[in-house]
Amino acid sequence: MRLTIDSDKCQGHNRCYALAPELFDVDDYGSALVIGDGTVPPELVAKARLAIANCPEFAIAEAGD
Amino acid sequence: MSDKLDQGTTSLYGPVNDWATDFDHADPEYNPNAHEIWADLRATCPVAHSDRYGGTWLPVTHADVSRIAYDTENFSSRSVVVSTAEILAEAPIGGAPPISSDPPFHHHARRLLLPPFAPKQIDPWEHDVRALCHQLIDEMADTDVVDAAVQYAQHIPVNVIARMLGFPLEDADLFRGFVHDVLEGVNKAPGVREAAFERLDAYLERQIQDHIDNPREDLTSFLMNTTIFDQPLSPEHVRGSIVLLLLAGIDTTWSAIGSSIWHLASTPGDLARLGADPDLWPTAIEEFLRVYAPVTMARMVAKDHDFNGCPMKVDDWVLLPFPAANLDPAEFDRADEVLIDREVNRHSAFGLGIHRCLGSNLARLEVRVAVETFVERFPEFELADPGTVRWSVGQIRGPRELPVRVLRRA
């Protein structure tokens, strides 16, 4: 599983970073970034899905979606 | 304070008889009964209209609120408080940038203010917020009944924003007076509102002068010294952004803290569960933000157009009740239930789209720490008397008087 963030959609709600700081970071403007290339280790797949499901702007997707 | 508050206490409008055709967000019956009113409208009239304030629309479904929030072509933010006052500030800047700004100016005004409110700038405030919460509880007399709004919630955001802006902490009552005038006094005669804005403006002039005379590092100095398009901000922009920072975080956050405590005071099962399982706090706080989202924003119609069969005209007001969107069963499973372990919770308490609450990281921090600390110090409490809870008036919804009986102290 690999995550991507649509930076045009992200408005900096910061839900993903709060839910899964292992997978997401935020920049100086509060916009979300995936850590590394967004690859999710198997033990964090559930957290990744939770982050996708809680983003108010639908800005996070699974690569290939 | 009496000369600052309630000059001209009379609303221009009478009581509401029909919420579908004559609603008034400043009617004292609206906020206490908002959940029932929105549920009724969702079933019978999902975009209500009222002739009050020169014509106002009230969409209550998640789909409509979200569609309007994203549509900056048809809906302008140049005024976001539905009131009797004349609209003086023009798009795209508006009176309190960036909340009152439209694209493309909005992007630039907002980008200036995003860094000071980004998570890594806000997180270090946690220690001070927690110390403040403990201090407020320490200062309460050892009485059975304490007011969780008057003695606690209302002080927390005011103290933090005054420190961030470099304003005197002892002016807290004054700030709450401004909030009351601007956000609760929306139905007073226009002259009364103008006088309130003049008092606010005069106060800000004094603070700005004080920053010129005594330079220091804070958000006020930052706004006075920063640039946009390689030029200093206009004095109107500086004042408008300070108004936004000063007023937008106060009664909103105070309302979210108060509503969360109100819920726990009314729901002993949830209070006991949080006491027994503190791991539930993150989902509980998001659920309180969903169900008791304090903020209804507003837009002005920018172009005549048909919206779901509603003939919207230029300069009509449109209320954007994010809390109503958060309670829409078409969007949320078991929408009308408060589930403190709800894991999937795509709520829009802080808005949607380009105007996402600039201070949401600070607000969330204050709400989490304030409610956790209250429960830590008072593991058991209940409403002293549901009849004595007083709710706010206007677009920001939360308890203004909240007497709770403390049953156990830590």
Side-chain angles (χ1 to χ4, degrees), chain A, chain B residues 62 65-66 69-70 72 98 103 106-123 126 279 281-283 285-287 289-290 293 322 325-326 331-333 341-365 367-368:
Chain A
M1 183 183 193
R2 194 166 74 80
L3 296 170
T4 60
I5 291 176
D6 183 335
S7 58
D8 288 335
K9 287 186 178 173
C10 175
Q11 298 292 346
H13 289 260
N14 198 29
R15 298 286 303 278
C16 57
Y17 178 57
L19 280 165
E22 308 91 332
L23 299 171
F24 300 93
D25 200 355
V26 281
D27 67 14
D28 290 346
Y29 294 86
S31 297
L33 309 162
V34 292
I35 291 178
D37 70 350
T39 301
V40 180
E43 68 275 16
L44 293 176
V45 166
K47 270 197 169 188
R49 294 204 191 288
L50 214 47
I52 292 172
N54 277 289
C55 176
E57 309 286 349
F58 293 84
I60 311 168
E62 210 177 317
D65 270 9
Chain B
H62 186 280
V65 169
S66 154
Y70 285 116
T72 55
H106 167 268
H107 171 80
H108 305 279
R110 179 175 173 87
R111 202 164 164 83
L112 286 179
L113 282 169
L114 283 170
F117 290 94
K120 288 169 189 173
Q121 294 296 315
I122 292 302
D123 289 348
E126 173 156 354
D279 289 347
W281 275 112
T283 50
I285 293 294
E286 294 306 322
E287 181 68 340
L289 287 169
R290 178 184 74 87
F322 290 107
N326 283 344
E331 188 67 18
F332 293 91
D333 196 29
D341 56 357
R342 188 188 291 272
E343 290 211 313
V344 173
N345 194 345
R346 204 192 294 270
H347 68 76
S348 46
F350 295 108
L352 290 171
I354 63 168
H355 289 281
R356 185 269 305 169
C357 169
L358 185 72
S360 66
N361 297 306
L362 177 59
R364 193 174 251 122
L365 170 74
V367 173
R368 174 173 62 79

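Scope of the values below: all heavy atoms of this structure, side chains included, with no hydrogens, waters or symmetry mates. Sequence lines set the chain letters: A, B, ... in the order given, protein chains first and strands last, and positions in each chain run from 1.
- Under the 4.0 Å criterion applied to side-chain N and carboxylate O atoms, A:R15 and B:E286 are assigned as salt-bridge partners.
- Counting heavy-atom pairs under 4.5 Å between each of B:R356, B:H355, B:K120 and chain A puts B:R356 at the top.
- With a 4.5 Å cut-off on non-hydrogen atoms, B:N345 touches chain A through its backbone and its side chain both.
- Rounded to the nearest 0.5 angstrom, A:C16 SG and A:L50 CG are separated by 11.5 Å.
- With a threshold of 4.5 angstrom between heavy atoms, B:R110 approaches chain A through side-chain atoms but not through N, CA, C or O.
- Contact annotation for B:H347: both backbone and side-chain heavy atoms come within less than 4.5 Å of a heavy atom of chain A.
- If you tally non-hydrogen atom pairs under 4.5 Å between each of A:P56, A:A53, A:C55, A:G30 and chain B, the highest count goes to A:A53.
- Residues passing the side-chain hydrogen bond (donor to acceptor under 3.5 Å, both in side chains) test with A:T4, sequence neighbours excluded: none.
- Judged as a side-chain contact (heavy atoms from CB on, under 4.5 Å), and not counting sequence neighbours, the contacts of A:F58 are B:R346.
- Taking a cutoff of 4.0 Å between a charged side-chain nitrogen and a carboxylate oxygen, A:K9 and A:E57 do not qualify as a salt bridge.
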task: Give the C-alpha distance, both sets of side-chain angles, the deciding distance and a yes or no for side-chain contact (heavy atoms from CB on, under 4.5 Å) between B:H62 and B:F332.
output: CA-CA 9 Å; B:H62 186 280; B:F332 293 91; 4.3 Å; yes

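- Of the listed residues (B:G351, B:P119, B:S348), the greatest number of heavy-atom pairs within a distance under 4.5 Å of chain A belongs to B:P119.
- Only the backbone of A:D28 comes within less than 4.5 Å of a heavy atom in chain B; its side chain stays farther off.
- Using a 4.5 Å cut-off between heavy atoms, A:R49 does not touch chain B at all.
- There is no contact between A:D8 and chain B, counting heavy-atom distances below 4.5 Å.
- Contact of B:F117 with chain A is not made at all, since no heavy-atom distance falls under 4.5 Å.
- For B:L113, no part lies near chain A; criterion is any non-hydrogen pair under 4.5 Å.
- Between B:E343 and A:L19 there is no side-chain heavy-atom pair separated by less than 4.5 Å.
- Taking B:S66, B:S360, B:C357, B:G353 one by one and counting their heavy-atom pairs under 4.5 Å with chain A, the maximum is reached by B:G353.
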- request: In sequence, state the C-alpha distance, the side-chain angles, and the governing distance for A:L33 and A:F24, and then conclude on side-chain contact (heavy atoms from CB on, under 4.5 Å).
  value: CA-CA 6 Å; A:L33 309 162; A:F24 300 93; over 6 Å; no

